[in-house]
Amino acid sequence: MSAIAIGHAEEQDHGHAHEIDLATYQENTRRNRLGMWLFFASEAFLFLALLATRFYLWRGPHGEIVRPDLGQTAGLVVTVILLLSSYFMNRAEVSIANNKRTDFLISLLITAVLGTAFLVGVVVWEWGMFPSLVEGHIKPTDGVFGAVVFGMTGMHALHVLSGVVLILNVWWLGRKGHFSSERHWGVEACAIYWHYVDLVWIFFYPALYLIGETIGAGH
Amino acid sequence: MSLFSLGIARGLVGQTLGMLVGMLLTVVTRVLLGWEAWAAEPAWTVGAVCSIIGFLLGVGALDDWLQWTKGIDTPLHHGPPADKPAWTRYFSVDYNHKVIGVQYTVWGILLLMVGGTVAMIFRTELAQAGLQFLGLGLYNSFIGMHGMIMIFAILLGVGGMANYLVPLLIGAEDMAFPRLNALGFWFNVPGSLLLLLSLFIGGWDAGWTAYPPLSARGPIGYQLFFLGVFAIGLSSIVGSLNLLVTLLCMRPQGMSLFRMPIFCWAVFATSLIQLTATQLIGVSFLMVSVQRAIGMGFFDPRGILGEISPLVGGGDPVLFQHLFWFYSHPAVYIFVLPGLGIISELLPVFSRKPLFGYKWIALSSMAIAIVGFLVWGHHMFVSGYNDILRVPFMYSTLLVAIPTGVKFFSWLGTMWGGKIHFDTPMLFVLGAISVFLIGGLSGPILATVPTDFPLHDSYFVVGHFHATMFGGFVFPFFAALYFWFPKVTGRMYNETLGKIHFFIMTPAFWVQTLGQMGVGVMGMRRRIADYDPSLGNYQIESWHLAVTIAGFAIAFGVLLMLWNFFQNAEVGVAAGDNPWRSRSPEWQIPSPVPEHSFAAPLRVVGEPYDYGLADSGYVSTATPGDD
Amino acid sequence: MSEHSTTKRRSGIYREGVLVAIGLTILTAVEFYIALNLSSFAIMMILALLKAILVVNYFMHIRSLWSEDEH
């Protein structure tokens, strides 16, 4: 507690947003942005490895690409939800750049809600974590089908979860009056991270749900 | 001053607490789910994850970010801690890249000594045929442990050189992201501790490559080993990201990419590999980890019904090898490229001649890095993968010889006709070239499919790998330590002891690596605790003995070097600002380097390696008004 | 840049987001429709790439990495 109190005292001394001049802020933002994109490049290899695993392991008896029957409704619904959330994230970022704070905060909140809806959709509907509500299509122990489905959606869900936490953090800070049209690297970082998570799903969705002949998971 | 004002002490407490909290969480969760309360593997795994977070929280590497989530700005603290002695900054979170560089290097040397000690233990076992004092399980754990600890040590050594040198070489005040830099270092401490801890909860006996199915069924130690590797991997990723941004955004006016000191090019290429490929070892180990933990059968060929058939979803252990080597082969270039950069960096200084073919060396580093991504399959010639993959992988592997050859000829061209000064760093550079040549020449034998078949998994591979690691990392690293020791401490080491170290270590290493290759050709397998003394016409035992003695000699040489440094760090002869008459920016400022390195922004006024050209300089550290 | 053109550009950015979202929705629908009728790895990947280009270019404004002018 005392640490927080001291932090607040400092904040009042310096004024949190205008400690550095705008040119320095923009220079730092350029570096941060490059760092963020390098981080994406790094993460891309993680997701590419998972995609490679999917196309390596999901093969029929003659080497053709196959997929388990996961049911199309769940996949399509969560995909559309994530797509919509990406739109609202973009709207939030454009709003803060134009200093429309209410619009910014509402859009962020909608994004977080949609992100949470995506998570619930995957965990409850697709994974069947609560069999009393929805019976899942597949279990993690169902050979390579279960392993890859849970590996890919799990790794992606982990990123969605961290994205939602980040969005809520930015929303909370925004409510406290942080960020301005000129200084909102925090919002931008959160936004491009969220779009990146969406980008990954753009490739994961067809890989899991659309490509290849369906094959029974063995039940 | 209490012990807990040292960050590392708080970190260790945090790690212990994190471990306990994680275990408790597991037990509580299991009880709530109605399962048996205690299961060793989940408890240790969750505990280990929490222990890494606990360490980072304890040491304080996450403090600033946690403040930021609350919207509190934290100005970067410069200089030694105000209320504590200056030396304590080396044991706590510090944002100065020079401190972090020393932290990396020292922790790397410590791990080098641990890994070396492990090697000495099983080398003693191997000196004679028959089993003397090591059990089979422990022997297997030890060889894997030696490999992995040494890899950690090398990554730390690379991180140490890069962090200390890159901002100095490009005249930047610090790295682009100092907090990330500190975090990158502190990941290593809990990571390496987990790795060491794994030895006490069963070890892991499949060698450092941890191939399933062995690693999917072995003792619990595997989980801690995997998590240790994750921690180091995260360190690699954030460290390389930081270096790339630093190199791309923070060069001074006039320092174009082709006017950087050559070591920066090596670091640039290395960082590209580290940033991307590291994810692959993480994902491959994660897959084994979840296969062990919750039965996700990535590598389990038995599938759903317990039958080996693709129709019921059987996994494939060969996939692990693909994913694993996609990192672990480029990793070899992570280890050697900075070392080769050090060789190129030091040769002109001690030859008093321009670096021969600067652009070619710079681009050859990039070429090695890029081709390095296309060669992983040469580790798998006998794995049973599709036959048609063998030949392309053979050719792509042989292709690496071209940029490597470019480097060798450029080194020769640099030395040719130069006024060579045989100081200790130069001796180690020459040693590195000789050793790396052995490693390089034994490479094509293993890269060629027909010759790899009989030699695969033999001690020949061990000999080849040690030659590349010593030539590409250990010798250049030692050269760098001797070379920059005066810059870091402001004192000179003892030249005689340095030379003795070199003249013990180099011949000893030749004996070791050629001996390893020799016993390999005689039929000695890797990862086997015992051997038949009749191999090689009853000569194998004496060869093994020679390798063991050579190993001890190397260890003695390393201790001599450390003693030399330890003796002279505080009380040695003052070295002066530029004892090597180098043109590089870091030698134009006082030794030891002041807190903010350069008093004024660096100006580039010439080429970096125009040694011997009268009235030419590379950089000017004076403010423009001064001249 | 004058005040007028700035506001024009900003409202343009709002519209841009809507258009990109619509484009993504259409591509997703096409993807789904094609998958139900013929299953082709190549077509799926091309469609996914098109979506990816939209996201990277407009939502993530990758051009801001090298251009000063972009937001």
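Chain letters run A, B, ... following the sequence lines, proteins first and then strands; every chain starts at 1.
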For A:Trp172, which atoms come within 4.5 Å of any heavy atom of chain B: side chain, backbone, both, or neither?
side chain

Over 12 foreign heavy atoms within 6.0 Å of CH2, B:Trp35:
no

How long is the gap from CG on A:Leu34 to CG on B:Leu244, to the nearest 0.5 Å?
8.0 Å

Of the listed residues (B:Asp63, B:Thr69, B:Leu323), which shares the most heavy-atom pairs with chain A below a 4.5 Å separation?
B:Thr69

CZ (A:Arg30) and CG (B:Leu248) are apart, to the nearest 0.5 Å, by 13.5 Å

Under 4.5 Å heavy-atom distance to chain A, tell me which part of B:Ile237 shows up: side chain, backbone, both or neither.
side chain

Side chain, backbone, both or neither of B:Leu241 within contact of chain A (heavy atoms, under 4.5 Å):
both

Inspect the surroundings of CZ in A:Phe130 and state if more than 12 heavy atoms from other residues, nucleotides or ligands are less than 6.0 Å away.
no

Closer than 3.5 angstrom, by distance alone: can the side chain of A:Lys176 be matched with the main-chain N or O of B:Lys70 as a donor-acceptor pair?
yes

Can you tell me which portion of B:Leu286 sits under 4.5 Å from chain A's heavy atoms? Options are side chain, backbone, both or neither.
side chain

What part of A:Leu57 gets closer than 4.5 Å to chain B, counting heavy atoms only: side chain, backbone, both or neither?
side chain

Would you say A:Phe39 and B:Val238 make side-chain contact, with heavy atoms under 4.5 Å?
no

What one should report as the nearest heavy-atom pair of B:Trp68 and A:Leu173 is O-CD1, 3.8 Å

Euclidean distance, B:Leu272 CG relative to A:Leu38 CG, rounded to 0.5 Å:
8.5 Å

Tell me, for B:Ile294 versus chain A, whether the close heavy atoms (under 4.5 Å) come from the side chain, the backbone, both or neither.
backbone

Looking only at non-hydrogen atoms, find the nearest pair between B:Gly297 and A:Ala147 and report the distance.
N-CB, 3.6 Å

Chain A heavy atoms under 4.5 Å from B:Val245: which part of the residue, side chain, backbone, both or neither?
both

Pick one of side chain, backbone, both or neither for B:Asp300, based on which atoms fall under 4.5 Å of a heavy atom in chain A.
neither

Is B:Phe299 close to chain A through its backbone or its side chain, or both, or neither, when contacts mean heavy atoms under 4.5 Å?
neither

Test item: B:Gln279 and A:Ser42 side chains (from C-beta on) under 4.5 Å apart, heavy atoms
yes

Where is the tightest heavy-atom contact between B:Gly71 and A:His178, given as atom of each residue plus distance?
O-CE1, 3.0 Å

Within this structure, what is the CG-CE distance for the pair A:Leu50 and B:Met287, rounded to the nearest 0.5 Å?
5.0 Å

Roughly how far, to the nearest 0.5 Å, is CZ of B:Phe177 from CG of A:Asn32?
5.0 Å

Interchain contact, A:Val170 with chain B, by part (heavy-atom threshold 4.5 Å)
neither

Rounded to the nearest 0.5 Å, what's the gap from CE on B:Met296 to CZ on A:Phe150? Could you check?
7.5 Å

Say whether, by atom type as modelled, one donor and one acceptor occur between the side chain of B:Thr276 and the main chain of A:Phe45 under 3.5 angstrom.
no

Please tell me if the side chains of B:Phe298 and A:Val144 come closer than 4.5 Å, counting only heavy atoms from C-beta onward.
no

